[in-house]
Amino acid sequence: MRPPPFAYADPQSLGEVLGLLKQYGDEAKVLAGGQSLLPLLNFRVARPSYLVDINRVSELDYIRPLDGGGLSIGALTRHRTLEQSTLVRERCPLLHEAIGHVAHVQIRNRGTIGGSLAHADPAAELPAVVTALDGKLRVRGSRGERTLSPREFFVSNLTTALEPDEVLIAIDLPGWPAGTGAAFTEFSRRQGDFALVGVGALVALDAGGRVARAGLALIGVGSKPFDAAPIANEILRGERPDEAKLRAVAERVAKAVEPNSDLHAPADYRKHLANLLTRRVLLEAAKRAGAGRGGH
């Protein structure tokens, strides 16, 4: 397998990157970790005329605390860095738990959070994490910077709202209150494979042990992450998170998702997994909230 011919650029600053993207537009592709783009190049599914390698743009590689307990993460931050970060483990346990499900350690050594989100694979873990947390994605282009919600950013399978002259620069994950439990799980045919279905959940309890807020997102059940937080909050907010309530959320979610059948699993099986895994992960998040663990 050989990639098609392309011109290569190796900028060292974000300004240089934006200048190249403005110049070449949709003829250019951004290379970060390369774990998704390089296979597409080798199979000649992607045929850019210009490859803009951002690996030397150190200003996009960081993890910083935000007021209120959240995190700001530069788009070039490696999965392995996130996995080993004490700050991520303490402030964003959902991300910490999910990142271990991403492929294999060799992939996590090179893959970046920005690359995963911009690739927008509907079976990838990180889009679900950002959706469940109600994070914000900051993008910058020749016309300035804008901040997008996950609903705005993820358009469809491998498609985002990024314009040809824009690049994802950072992800801001808000802090959740004390008394929040977080959990992530997925089902795949083999360790390291893309998930058939995956679920990330957060449950925040008030002082009386009732649900103040819930976050919930699924992968593998459609063309983009499925934001199930409206369903979860409608059923759970103001209630104690008992098994009957959590089962009701899971059943409603399974009815709402619209997965496709493919060579890996039929749609009905994915719906079954959505029900099972949603109930399981909500139960775990609620237990962790009640035990005072997993908070943000």
Side-chain angles (χ1 to χ4, degrees), residues 14-15 17-18 21-22 26 28-33 35-37 52 54-55 57 59-79 81-82 85 87-88 91-92 94-96 98-99 102 111-176 182 184 198 200 202 215-219 222-230 296:
L14 181 57
V17 172
L18 297 179
L21 294 180
K22 181 179 180 180
D26 56 12
K29 283 285 187 182
V30 173
L31 173 66
Q35 303 306 289
S36 298
L37 179 57
V52 181
I54 65 171
N55 278 277
V57 184
E59 61 195 282
L60 298 182
D61 183 3
Y62 62 83
I63 304 172
R64 297 171 185 158
L66 293 174
D67 292 341
L71 290 173
S72 181
I73 302 172
L76 201 57
T77 306
R78 309 286 174 186
H79 298 326
T81 302
L82 296 170
S85 168
L87 200 57
V88 170
R91 290 195 169 218
C92 194
L94 181 63
L95 175 58
H96 175 74
I99 202 74
V102 176
T112 65
I113 186 172
S116 176
L117 295 171
H119 185 56
D121 192 305
E125 293 83 1
L126 297 186
V129 171
V130 175
T131 300
L133 286 164
D134 194 24
K136 302 298 180 185
L137 300 104
R138 289 191 279 126
V139 305
R140 191 176 298 175
S142 59
R143 290 155 291 180
E145 185 171 320
R146 57 192 182 122
T147 301
L148 303 176
S149 69
R151 282 180 174 269
E152 295 168 323
F153 185 80
F154 299 110
V155 175
S156 187
N157 185 25
L158 307 183
T159 305
T160 71
L162 283 169
E163 298 292 341
D165 67 338
E166 288 182 322
V167 65
L168 177 62
I169 62 168
I171 302 91
D172 294 335
L173 302 177
W176 279 56
F184 184 94
L202 301 106
L216 184 64
L218 290 83
I219 56 175
S223 62
K224 59 182 179 179
F226 182 82
D227 184 1
H296 285 59

Separation of [Y] [atom2] from [X] [atom1] (nearest 0.5 Å):
X      : Y      : atom1 : atom2 : answer
Leu66  : Arg64  : CG    : CZ    : 10.0 Å
Ser85  : Ile73  : OG    : CD1   : 8.0 Å
Phe226 : Lys224 : CZ    : NZ    : 10.5 Å
Arg140 : Leu21  : CZ    : CG    : 12.5 Å
Trp176 : Asp134 : CH2   : CG    : 7.5 Å

Decide yes or no for [X] and [Y]: does some side-chain heavy atom of the first lie under 4.5 Å from some side-chain heavy atom of the second?
X      : Y      : result
Val57  : Val17  : yes
Pro65  : Leu87  : yes
Leu162 : Val167 : no
Ile63  : Leu82  : yes
Val139 : Glu145 : no
Thr160 : Leu148 : no
Leu216 : Leu202 : no
Ile169 : Leu14  : yes

Item to check | Ion pair check, Arg146 and Glu166, cut-off under 4.0 Å | outcome: yes
Next on the checklist: Taking Asp61 first and then Arg78, would you say they form a salt bridge - that is, a charged N and a carboxylate O separated by under 4.0 Å?
Outcome noted: no
Taking all heavy atoms of [X] and all of [Y], pick out the closest pair and write down the distance.
X      : Y      : answer
Cys92  : Leu133 : SG-CD1, 3.5 Å
Ala124 : Ser116 : CB-OG, 4.2 Å
Leu18  : Gly141 : CD2-CA, 4.0 Å
Glu152 : Ala161 : O-CB, 3.4 Å
Val52  : Ala28  : CG2-CB, 4.3 Å
Gly135 : Pro150 : O-CD, 3.0 Å

Under 3.5 Å, side chain of [X] to main-chain N/O of [Y], donor-acceptor pair present?
X      : Y      : result
Thr77  : Tyr62  : yes
Gln35  : Gly33  : yes
Ser156 : Thr159 : no

Item to check | Donor-acceptor side-chain pairing of Arg138 and Ser72 below 3.5 angstrom | outcome: yes
Next on the checklist: Please tell me whether Asp227 and Thr131 have a donor and an acceptor in their side chains that are separated by less than 3.5 angstrom.
Outcome noted: no
Next on the checklist: Using the rule given for side-chain contact (heavy atoms from CB on, under 4.5 Å), can you reason through Leu168 versus Leu117, listing the C-alpha separation, both sets of side-chain angles and the distance that settles it, and then say yes or no?
Outcome noted: CA-CA 9 Å; Leu168 177 62; Leu117 295 171; 4.0 Å; yes
Item to check | Trace of the side-chain contact (heavy atoms from CB on, under 4.5 Å) decision for His79 with Thr112 | outcome: CA-CA 6 Å; His79 298 326; Thr112 65; 5.5 Å; no
Next on the checklist: Between Leu76 and Ile113, is the side-chain contact (heavy atoms from CB on, under 4.5 Å) condition met? List the steps.
Outcome noted: CA-CA 7 Å; Leu76 201 57; Ile113 186 172; over 6 Å; no
Item to check | Check against side-chain contact (heavy atoms from CB on, under 4.5 Å), Ile171 and Val130 | outcome: CA-CA 8 Å; Ile171 302 91; Val130 175; 4.1 Å; yes
